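All of these numbers come straight from a predicted model, not from anything done at the bench. Throughout, protein chains are lettered first and strands after them, A, B, ... in sequence-line order, and every chain is numbered starting at 1. Computed over heavy atoms, backbone and side chain alike; hydrogens, waters and symmetry mates excluded.
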Protein chains: 2
Amino acid sequence: MPSPIPLNQEISLTVIKTACSNCNLRELCLPFGLSLDELERLDDLISTRRRIKRGDHLYRAGESFDSIYAIRSGFFKTDVLLEDGRDQVTGFQMAGELLGLDGISTEHHTCNAIALEDSEICAIPFNRLESLSREIHNLQHHFHKVMSREIVRDHGVMMLLGTMRAEERLAAFLLNLSQRFTARGFSHAEFYLRMTREEIGSYLGLKLETVSRAFSKFQEEGYIAVQQKHIRILNVSGLKALMNHRC
Amino acid sequence: MPSPIPLNQEISLTVIKTACSNCNLRELCLPFGLSLDELERLDDLISTRRRIKRGDHLYRAGESFDSIYAIRSGFFKTDVLLEDGRDQVTGFQMAGELLGLDGISTEHHTCNAIALEDSEICAIPFNRLESLSREIHNLQHHFHKVMSREIVRDHGVMMLLGTMRAEERLAAFLLNLSQRFTARGFSHAEFYLRMTREEIGSYLGLKLETVSRAFSKFQEEGYIAVQQKHIRILNVSGLKALMNHRC
DNA sequence: GCGTTGGCTTGATCCATGTCAACCGGAAAT
DNA sequence: ATTTCCGGTTGACATGGATCAAGCCAACGC
């Protein structure tokens with residue numbers, strides 16, 4: 001009979017893979033600020049991991065809500081549909097961010113969440129999250145902060161849509177992406193866009209042609225280098241100035 | 001010596017005035033769905049009532065956060081300021097609605113809340129609300145719903161700002177106000193605007209002249225009757241059609 | 001290797017809304 | 001009663017971004 005040790009190692013590897021306590025995103029995600037002990041209790045709650053292929057829905061508007069989702073890897077967009085067919089991208093989400101908070105309000109999802117690349121998510125049953133956060137003050141407080149942050153983010157987008165012109169919007173968008181990639185240990189200056197010009201346009205309240213023209217303009221002026229979805233930021237402060245100055 | 005009875009009555013009147021359990025907004029506000037017993041525990045928490053005069057700030061962006069606020073009577077706007085001086089109204093709030101949720105995220109308020117008429121608010125110390133909602137499941141869940149509803153509302157505004165044209169935006173705005181007045185027992189068809197054309201414009205991402213022209217247009221077409229801030233809606237379905245149809 | 005396809009770029013033109021300016025009317029101040 | 005002021009309305013004109021249209025490029029299937 002073979003020694004049990006290798007087997008145990010394998011099992012323990014699997015456990016490591018699925019646990020918040022060993023997730024390298026834990027400082028960005030729901031577990032932020034929890035003690036080891038508290039982390040383990042959170043681990044128990046997150047039983048389901050799921051792979052979502054590029055183009056597939058994580059959930060659809062109208063579906064009944066029972067979980068929120070933490071992105072373990074990959075990239076998503078959320079969009080809302082109006083009766084008359086118009087739609088708008090309401091956000092782009094990356095690893096460590098939460099999806100589905102909109103569903104708490106009515107017990108039904110109010111937007112679609114679609115993977116922009118092959119992704120992996122952790123499903124967090126919401127009633128169990130509520131009951132655990134009644135016991136773990138840190139978890140409760142952090143969850144409230146995450147929801148509040150979402151509200152603040154939305155206000156930022158409203159500001160952008162309400163007061164900024166096309167180039168300012170795109171500059172703000174690029175700087176925001178750059179900052180979020182940095183927080184995840186990627187280059188702040190060089191990244192691949194996971195979304196099309198049309199999706200960027202939808203998010204920013206612009207047509208895809210306008211987005212494309214703004215990219216070209218930024219390139220001409222030496223702020224960035226664009227090659228399709230590959231972006232290099234050459235002049236961060238230039239972009240910032242462009243965003244803030246009323247010209 | 002006079003009988004103590006009148007005195008007691010006076011005291012009890014004061015208590016009635018300040019308690020959630022006797023507030024006629026309790027079904028719209030935080031106490032929604034609580035039992036009598038739970039309501040009384042919430043009463044203990046809401047010690048501070050405050051009057052805010054028209055034009056005064058309830059809080060300012062940058063101030064440190066420790067309470068959220070329930071509007072007992074009156075009308076508020078919230079606005080965000082950009083470094084370069086641009087600002088935008090992010091919402092209008094009426095009786096029964098909560099203010100200050102944006103502050104949870106960073107422990108500092110991120111917008112200004114300004115009374116548009118003489119108003120009265122209940123201050124709810126946030127750490128005490130968190131600790132009470134660890135004990136009262138209903139309170140916890142309802143609070144989560146309220147935050148989520150705010151996120152959904154913001155998505156609606158993003159949709160409006162990103163995809164609708166001027167008249168559609170104003171129609172959506174009027175219908176939303178009408179619906180909220182109705183929920184508070186006021187006429188759905190006739191109300192006074194508490195905000196200026198400029199504030200409406202800021203909220204809707206339009207200039208005040210555009211707002212004014214849209215009002216005039218609606219009046220010409222017989223959808224509404226406008227006289228300064230007094231609005232009568234004459235044709236709800238007309239407004240709805242205007243909002244939904246891609247023309 | 002060649003054609004097809006989807007996403008992107010660029011140019012020409014149009015139009016909704018912004019901008020600038022004049023005027024109006026009611027409310028508050030003198 | 002008169003003046004001032006603020007918010008609102010309306011008109012003339014300017015413009016940023018939408019729309020329409022053509023063409024380009026890279027990836028992919030055959």
Whole-Å distance between [N] [atom2] and [X] [atom1]?
X: A:Gln219; N: C:dC8; atom1: CD; atom2: P; answer: 14 Å
X: B:Arg213; N: C:dA22; atom1: CZ; atom2: P; answer: 15 Å
X: B:Lys217; N: D:dT9; atom1: NZ; atom2: C1'; answer: 16 Å
X: B:Glu168; N: C:dA16; atom1: CD; atom2: P; answer: 12 Å
X: A:Leu160; N: D:dG17; atom1: CG; atom2: P; answer: 12 Å
X: B:Glu220; N: D:dT10; atom1: CD; atom2: C1'; answer: 11 Å
X: A:Leu193; N: C:dT9; atom1: CG; atom2: C1'; answer: 15 Å
X: A:Glu167; N: D:dG16; atom1: CD; atom2: C1'; answer: 10 Å

Exercise. Less than 4.0 Å between a side-chain N and a carboxylate O, is that true for B:Arg51 and B:Glu120?
Worked result: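 Salt bridge: yes.
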
For this session: Identify whether the distance between the nearest side-chain nitrogen and carboxylate oxygen of A:Arg184 and A:Glu97 falls below 4.0 Å.
Result: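 Here A:Arg184 pairs with A:Glu97 in a salt bridge, since their nearest N and O are under 4.0 Å apart.
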
Mind listing the side-chain donor-acceptor pairs of residues 147-154 of chain B below 3.5 Å, one per line with the distance, residues two or more places apart or on another chain?
| from | atom 1 | to | atom 2 | distance (Å) |
| --- | --- | --- | --- | --- |
| B:Ser148 | OG | A:Leu101 | O | 2.8 |
| B:Ser148 | OG | A:Asp102 | O | 3.2 |
| B:Ser148 | OG | A:Ser105 | N | 2.8 |
| B:Glu150 | OE2 | B:Arg153 | NH2 | 3.3 |
| B:Arg153 | NH1 | B:Tyr203 | OH | 3.2 |
| B:Arg153 | NH2 | B:Thr90 | O | 3.3 |

Problem set entry | Any B:Ser212 side-chain N or O less than 4.0 Å from OP1/OP2 of D:dT9 |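 For D:dT9, OP1 or OP2 has a side-chain N or O of B:Ser212 closer than 4.0 Å.
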
Exercise. Any side-chain N or O of A:Ser216 under 4.0 Å from OP1/OP2 of C:dT10?
Worked result: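 Result: yes.
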
Exercise. Which word best sums up how the rings of A:His109 and A:Phe65 line up, parallel for under 30°, tilted for 30 to 60°, or perpendicular for over 60°?
Worked result: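 Geometry flag for A:Phe65 against A:His109: perpendicular rings.
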
Exercise. Would you call the rings of A:Phe218 and A:Tyr223 parallel, tilted or perpendicular, where under 30° means parallel and over 60° means perpendicular?
Worked result: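 A:Phe218 and A:Tyr223: perpendicular rings.
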
Problem set entry | Residues in contact with DNA chain D, drawn from residues 195-209 of chain B - heavy-atom cutoff 4.0 Å |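 Within residues 195-209 of chain B, the residues near DNA chain D are B:Thr196, B:Arg197, B:Leu208, B:Glu209.
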
Exercise. Of A:Phe186, A:Phe181, A:Phe75, which is the lone residue that meets ring-ring contact (aromatic ring centres under 6.0 Å, His included) with A:Phe191?
Worked result: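 Of A:Phe186, A:Phe181, A:Phe75, ring-ring contact (aromatic ring centres under 6.0 Å, His included) with A:Phe191 is met by A:Phe181 alone.
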
